[in-house]
Student: 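I am attaching a structure below and will ask some questions about it afterwards.
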2 protein chains.
Amino acid sequence: MGVRKSNRDVASSTEGMRRGRSTARSATVDEAEEATAGPDALDLSGLNAVVGYALRRAQLAVFEDFIARFATLDLTPAQYSVLLVIGNNPGRKQAEIAAALGIQRPNFVSMLDELERRGLAERLPSATDRRSHALVLTKAGSALLARARAMQDEQERELAQKLGPGGREMLVALLQRLM
Amino acid sequence: MGVRKSNRDVASSTEGMRRGRSTARSATVDEAEEATAGPDALDLSGLNAVVGYALRRAQLAVFEDFIARFATLDLTPAQYSVLLVIGNNPGRKQAEIAAALGIQRPNFVSMLDELERRGLAERLPSATDRRSHALVLTKAGSALLARARAMQDEQERELAQKLGPGGREMLVALLQRLM
DNA sequence: CGATAATTGTTATGTCATATACCAATAACA
DNA sequence: TGTTATTGGTATATGACATAACAATTATCG
């Protein structure tokens with residue numbers, strides 16, 4: 001079952017992505033392709049109509065922006081999501097947090113190792129089950145999460161601006177219908 | 001997969017009652033919720049508000065569906081996109097096709113190797129530049145692409161149905177604004 | 001009760017997507 | 001012409017992700 005395969009190609013970085021967060025966009029791929037196209041412009045009309053392709057590219061763009069913003073905190077999107085969920089659900093065991101985030105438990109181990117190494121999260125012994133660990137944030141972890149939340153809120157605001165009035169909520173609602 | 005399915009946002013609880021370690025009461029409250037070994041749901045409200053998270057999950061869901069559909073054709077999303085772009089732009093060189101798809105040229109080599117091995121695409125010598133290859137689809141490649149297109153159209157229709165009237169176009173338009 | 005099954009965290013390992021550095025051949029250019 | 005850029009390719013590193021197996025522990029049920 002190749003649930004995990006596929007190399008969602010799509011533009012990840014390099015040329016196409018270098019525009020960063022500038023809200024000033026001169027021409028979209030669509031426009032460039034329809035504008036009688038120069039001799040070297042490729043016809044991408046087939047792809048632009050594909051929801052999956054647009055989804056992939058948009059996701060990469062947003063994640064790239066996220067990573068750039070969070071570089072100062074040295075947090076990846078995955079790490080941020082882990083801190084967030086632990087913060088909102090302290091005391092839960094690894095398996096629960098991992099499952100909630102769709103992370104395989106084996107892969108979650110090293111993620112937690114790293115967060116623990118950086119003094120952001122802790123594995124406390126569970127009082128009721130000697131197998132499991134109760135995950136909590138340290139003070140430093142909570143502090144970092146607070147800063148991260150603020151940064152994330154800022155990104156969300158800028159995205160909302162890009163998306164126009166009500167666009168953000170509309171987008172999230174539409175995305176929700178795909179899951 | 002990487003994404004859990006049933007993530008009821010619920011939220012609730014707001015962790016006001018999150019017992020840290022004090023098991024002054026029977027810990028049954030923790031486990032006696034669901035019979036399926038599922039304790040009470042976690043609070044994921046923080047994540048559900050994040051555009052990037054919704055984007056990632058939706059993209060994974062759509063790609064997973066795509067992969068399942070295309071299993072009979074043995075085509076990944078990336079391979080489909082390559083066939084599509086070559087088909088719409090025959091005779092272009094590798095670097096152009098790769099760049100259009102955001103694929104690094106080194107990574108594009110093995111992708112083409114595979115498509116060529118399967119007799120779907122061909123590297124023809126360029127008449128004007130002995131360095132470059134002119135990429136084209138074979139007959140088999142065109143035939144497969146036609147079948148793939150039909151499948152893709154079907155997925156698009158089902159997505160449109162999920163998204164409601166005008167939802168698909170709205171979604172694509174919003175996604176376009178993020179890139 | 002006790003045997004068996006299930007869960008938890010973990011290690012080991014494999015695959016796949018993607019990035020960079022470098023190269024030889026060729027072309028473009030100043 | 002000599003220098004630089006491009007093209008396709010190789011080699012390689014790095015993550016993200018998956019599965020198998022395991023010891024310790026807990027749950028289940030006859």
Side-chain angles (χ1 to χ4, degrees), chain A residues 1-18 40 56-57 59-60 63-64 67 76-79 81-82 91-99 101-116 121-135, chain B residues 1-4 27-28 30-32 34-39 56-57 59-60 63-64 67 76-79 81-82 91-99 101-116 121-135:
Chain A
M1 66 287 285
V3 189
R4 188 64 315 233
K5 52 176 12 178
S6 94
N7 34 324
R8 49 301 314 262
D9 43 291
V10 180
S12 58
S13 60
T14 328
E15 30 230 328
M17 220 84 245
R18 281 289 76 95
D40 49 335
R56 176 62 181 162
R57 295 196 60 140
Q59 187 256 313
L60 285 174
F63 266 54
E64 205 164 298
I67 292 169
T76 67
Q79 287 173 325
S81 71
V82 169
R92 295 300 193 127
K93 41 182 141 180
Q94 289 185 206
E96 291 177 314
I97 304 288
L101 289 168
I103 302 173
Q104 300 299 125
R105 292 196 306 281
N107 298 329
F108 195 52
V109 173
S110 57
M111 296 186 73
L112 260 186
D113 285 349
E114 173 67 6
L115 293 179
E116 216 170 14
E122 249 181 324
R123 290 186 245 227
L124 300 180
S126 163
T128 62
D129 189 335
R130 272 185 295 176
R131 293 170 301 180
S132 66
H133 298 157
L135 301 186
Chain B
M1 56 239 9
V3 170
R4 270 290 68 61
T28 57
D30 223 358
E31 295 281 326
E34 296 283 10
T36 51
R56 169 176 171 269
R57 294 191 48 159
Q59 186 257 312
L60 285 175
F63 266 56
E64 209 166 300
I67 292 168
T76 67
Q79 288 173 326
S81 70
V82 170
R92 295 300 192 127
K93 40 183 140 178
Q94 290 185 207
E96 290 177 314
I97 304 289
L101 290 167
I103 302 173
Q104 301 298 325
R105 290 194 307 280
N107 299 329
F108 195 50
V109 173
S110 58
M111 299 185 72
L112 260 186
D113 285 349
E114 172 68 6
L115 293 179
E116 217 171 14
E122 249 181 324
R123 289 186 245 227
L124 300 180
S126 165
T128 61
D129 189 335
R130 273 188 293 180
R131 292 170 302 180
S132 66
H133 298 157
L135 301 186

Student: Roughly how many Å is it from CD1 in A:Ile103 to C1' in C:dT10, rounded to a whole number?
Tutor: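 So the two atoms are 16 Å apart, to the nearest Å.
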Student: Rounded off to whole Å, could you give me the CG-to-P distance for the B:Asp113 and D:dG8 pair?
Tutor: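 So the two atoms are 13 Å apart, to the nearest Å.
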Student: How many whole angstroms separate atom CG of A:Leu101 from atom P of D:dC17?
Tutor: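 It is 11 Å, rounded to the nearest whole Å.
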Student: Tell me, please, which residues at least two apart from B:Arg130 pass side-chain contact (heavy atoms from CB on, under 4.5 Å).
Tutor: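 Result, side-chain contact (heavy atoms from CB on, under 4.5 Å) vs B:Arg130: none returned.
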Student: Of all residues at least two apart in sequence or in a different chain, which pass the side-chain contact (heavy atoms from CB on, under 4.5 Å) check with A:Gln79?
Tutor: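 Only A:Leu75, A:Thr76, A:Glu114, A:Leu115, A:Arg118 meet the side-chain contact (heavy atoms from CB on, under 4.5 Å) criterion with A:Gln79.
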Student: Hey, does the side chain of B:Arg105 come within less than 4.0 Å of C:dA21's phosphate (OP1/OP2), counting only N and O?
Tutor: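 Answer is no, no contact under 4.0 Å.
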Student: Where the side chain of A:Arg123 is defined as all heavy atoms beyond and including C-beta, which of D:dC17, C:dT10, D:dG8 is the nearest nucleotide?
Tutor: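 When the side chain of A:Arg123 is considered, C:dT10 is the closest of D:dC17, C:dT10, D:dG8.
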Student: Just how far, in rounded Å, is C1' of C:dA27 from NE2 of B:His133?
Tutor: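 B:His133 atom NE2 is separated from C:dA27 atom C1' by 15 Å.
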Student: Between atom CZ in B:Arg92 and atom C1' in D:dG8, what is the gap in whole Å?
Tutor: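 The distance from CZ of B:Arg92 to C1' of D:dG8 comes to 18 Å, rounded to the nearest Å.
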Student: Please tell me whether A:Arg56 and A:Gln59 have a donor and an acceptor in their side chains that are separated by less than 3.5 angstrom.
Tutor: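 Side chains of A:Arg56 and A:Gln59: pair found under 3.5 Å.
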Student: Check step by step if side-chain contact (heavy atoms from CB on, under 4.5 Å) holds for A:Glu116 and A:Arg123.
Tutor: CA-CA 8 Å; A:Glu116 216 170 14; A:Arg123 290 186 245 227; 3.0 Å; yes
Student: Show the nearest heavy-atom pair for residues B:Ser81 and B:Ala78, with the distance to one decimal.
Tutor: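 Closest approach of B:Ser81 to B:Ala78, heavy atoms only: OG-O, 2.6 Å.
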Student: Pair A:Arg92, A:Ile97 - check side-chain contact (heavy atoms from CB on, under 4.5 Å), show working.
Tutor: CA-CA 7 Å; A:Arg92 295 300 193 127; A:Ile97 304 288; 3.7 Å; yes
Student: Roughly, in whole Å, what's the span from CD in B:Gln104 to C1' in D:dT10?
Tutor: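 Answer to the nearest Å: 15 Å.
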Student: If you pin B:Asn107 and B:Ala95 to their nearest nucleotides in DNA chain D, which one's is more 5'?
Tutor: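 The residue mapped nearer the 5' terminus is B:Ala95.
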Student: Could you walk me through whether B:Val82 and B:Ile103 satisfy the side-chain contact (heavy atoms from CB on, under 4.5 Å) test, starting with their C-alpha distance in whole Å, then the side-chain angles of each, then the deciding distance to 0.1 Å, before giving a yes or no?
Tutor: CA-CA 10 Å; B:Val82 170; B:Ile103 302 173; 4.3 Å; yes
Student: Could you write out each protein N or O paired with an N or O of nucleotides 21-25 of chain D at a distance under 3.5 Å?
Tutor:
| residue | atom | partner | partner atom | Å |
| --- | --- | --- | --- | --- |
| D:dT25 | O2 | A:Arg131 | NH1 | 3.3 |

Student: Could you tell me how far apart B:Ile97 (CD1) and D:dT7 (P) are, to the nearest whole angstrom?
Tutor: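 That distance rounds to 13 Å.
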Student: Can you tell me how far C1' of C:dA19 sits from CD of A:Glu64, to the nearest Å?
Tutor: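 Going from A:Glu64 (CD) to C:dA19 (C1'), I get 12 Å.
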